[in-house]
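Computed from a prediction, not measured in an experiment: that's the story for all the values here. Note: hydrogens, waters and symmetry copies are ignored here, and every other heavy atom, side chains too, is used.
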Protein chains: 2
Amino acid sequence: MTDRSAMAVETPFVAIIDDDPSIRESLASLLRSVGLAPLPFASAQEFLHHRRPDAPGCLVLDVRLPGQSGLEFQRELAGAGIHLPVVFITGHGDIPMSVTAMKAGAVEFLAKPFRDQDLIDAVHTGIERDRDRRRAMDALSDLRGRFRSLTPREREVMGLVAAGQLNKQIAAELRLSEITVKVHRASVMRKMQAKSLPDLVRIADKLAPGGDS
Amino acid sequence: MTDRSAMAVETPFVAIIDDDPSIRESLASLLRSVGLAPLPFASAQEFLHHRRPDAPGCLVLDVRLPGQSGLEFQRELAGAGIHLPVVFITGHGDIPMSVTAMKAGAVEFLAKPFRDQDLIDAVHTGIERDRDRRRAMDALSDLRGRFRSLTPREREVMGLVAAGQLNKQIAAELRLSEITVKVHRASVMRKMQAKSLPDLVRIADKLAPGGDS
DNA sequence: TGGCCTGATATACCAAGGTATAGGGTCGGC
DNA sequence: GCCGACCCTATACCTTGGTATATCAGGCCA
C-alpha cells in the first residue's frame, strides 16, 4: 500500500468551472451544504493552473465556457491524462451535445433548471467513480514500482515465467543455464512480492493489460 | 472454438422497432442500401416473439413505442439477458431521455431529423460492439463447458491450485492424500486444456470474474 | 448382477522447482 | 583502483510436481 492509505480519510473536492460568478457561488454553497468542498474557477485555464488536491474529486462543468466548449475541454482533459469525472450543466444544451458528453464518459448531463438533489447525486456518483479509479491506480502504481526495481534480465524471465514456460525452455530461449534462470526467477518472486506462481501470473497480467486476446 | 467459427461469415442483422410502417420501410431500405439485413417489427412484443438470428446484430428503437417507452424496453432487454446494442431514434426526445439511454449503454441517440450516414455509422458501431461481445461470450462458453466436465472434487482442487496452494496444503485442506490431489490436478489440466499452470490461472480467473480484490 | 463413473489411495520413478554457497565476469562511478 | 550493480555459472541438496500402474469402494443404471 502507498503512503496515502496511512493518512486521514481524504476529503473529496468538487471543482466548478463556470464564468458566471453568481452561479459559481450558488453551486458552491449548495455543495458546502452537503459537506463537500467546492473549488470554484471562472475558466478552464484557471482550473488548469490551480494545483488539484491529491484526493478523489469531481468536476462540474458548464457546457458553454469562455473560449472553448465544455465538450472540447472534456476531451482535452482526457488527452492530458486528467481523469476527473465530469458532471455537465447547461442552460442551452441539446440532445447531440448530451450524447457526445455521455459517450465521452460524462457522469451526468443536467439541463437547467435541474433539481439540487440531482446535481448532488451526480457529484457523489462522480466522486465514487474517481475513488475507485484512484484505488485501482494506487494498486497499479505499487506494482509498477516493484517492476521498475527488476533488472532487465529479471523482467525477461518474469515475462517467460508468466507465459508458462519451463525454466529449461526459458534458459534455452535466453541462452542461459537453467540455474541462472532459477536465480533470476527467485529474485522476481521476492521483488514482486509474489507468494506463489499464480500470484505472479496475476501481477504480470495487471502490468500488461491487453496482453491476452 | 465453437461450431460457429466453422460456419460461413455471419451476416449481421438490424432489428427495427417502430410503430410507423412508413418509417420502418424507409429505415429498412436505407439499411439494405448499405448491405445490411433489416428485420422490421411494429412493436416490442413482435420483436420478442420473433426468433433472433444467431449472428451479431443491433437494435434500432424508437423511444416512443406502442405500450411502453423505448427506455423501459431497453432496461427490460438487459434484465432478460438480451444484450443487443441499441440505437435510439426519436421525434420528440429531450436531454434527460438521451442521458438515461446513454447511461444504460445505448450506442447512439438520434433526434429526427438525422442524417442517414449518422444512423448507418451508429448501426455499424453497434454491430461491431455485439460482435466483440459475442466473441468474448463464445470463448467463455467454451471454458464453462470444460469446467462443467469437471467432477466436484476436481473443481475444488482447481480453485485451490489457482489460489496458489501447494499440493500438500490442498491435501490438508480437503483431507486427502497428496497423491490424490495430484491425480485430480492432472485431470483438471487435461479437461480444462491448460498447457501450463499460468494458463490454468488465467482460465480460472476468467471463469470467476470479481474473484479478486 | 455387471459395467461404469467417481473418488480415494498406494508404490515407484522421474522431472521440475527452490535454496544455499561459492565462485566468475563486465561496467560505471567515486 | 576499488566498490557495487548486474549478470552468469556451478555443486549440492531438498521439495514439489507429474506420470504410470494398480487396487478398492460406493453409487447408479441398464
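- Following rounding to the nearest Å, B/N167 (CG) and C/dT9 (C1') show an atom-to-atom distance of 15 Å.
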Verdict with reasoning, A/K103 to B/E108, per salt bridge (Lys or Arg N to Asp or Glu O under 4.0 Å): CA-CA 8 Å; A/K103 276 188 191 170; B/E108 183 60 273; 2.6 Å; yes
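- Just one residue in the list A/L197, A/V161, A/L200 forms a side-chain contact (heavy atoms from CB on, under 4.5 Å) with B/P198, and that residue is A/L197.
- Taking 4.0 Å as the cut-off between side-chain N and carboxylate O, A/R133 and A/E128 do not count as a salt-bridged pair.
- Relative ring orientation between A/F73 and A/F47 is described as perpendicular, the plane-to-plane angle rising above 60° on a 0-90° scale split at 30° and 60°.
- Counting to the nearest Å, the C1' atom of C/dG7 and the CD atom of B/E156 are 12 Å from each other.
- Here the nucleotide nearest the side chain of B/V183, chosen from C/dG17, C/dT9, D/dC6, is C/dT9.
- Atom CD in B/E154 sits about 11 Å away from atom C1' in C/dC5, given to the nearest Å.
- As a whole-Å value, the separation of A/K195 NZ from C/dG18 C1' is 18 Å.
- Separating the NZ atom of A/K191 from the C1' atom of D/dC6 is a distance of 9 Å, rounded to the nearest angstrom.
- In this structure, CE of B/M189 is placed 19 Å from P of D/dT16, rounded to the nearest angstrom.
- Atom CZ of B/R185 is separated from atom P of D/dT16 by 12 Å (rounded to the nearest Å).
- The residue B/S177 sits close only to the backbone: its heavy atoms come under 4.0 Å of sugar-phosphate atoms, none of a base.
- In this structure, A/K168 atom NZ and D/dG17 atom C1' are separated by 14 Å, rounded to whole Å.
- Between B/T151 and C/dT6 there is no side-chain polar atom (N or O) within less than 4.0 angstrom of OP1 or OP2.
- Within a 6.0 Å radius of CZ in B/R64, other residues, nucleotides and ligands contribute 12 heavy atoms or fewer.
- Closest to the side chain of B/E178, out of D/dT9, D/dG17, C/dA8, is D/dG17.
- If you check D/dG18, C/dG18, D/dC8 against the side chain of B/K182, the one that comes closest is D/dG18.
- Dashed line: the shortest gap from a side-chain N or O of A/H184 to OP1 or OP2 of D/dC7 is not under 4.0 Å.
- Side-chain proximity of A/I179 to the nucleotides C/dG7, C/dT19, C/dT9 is greatest for C/dT19.
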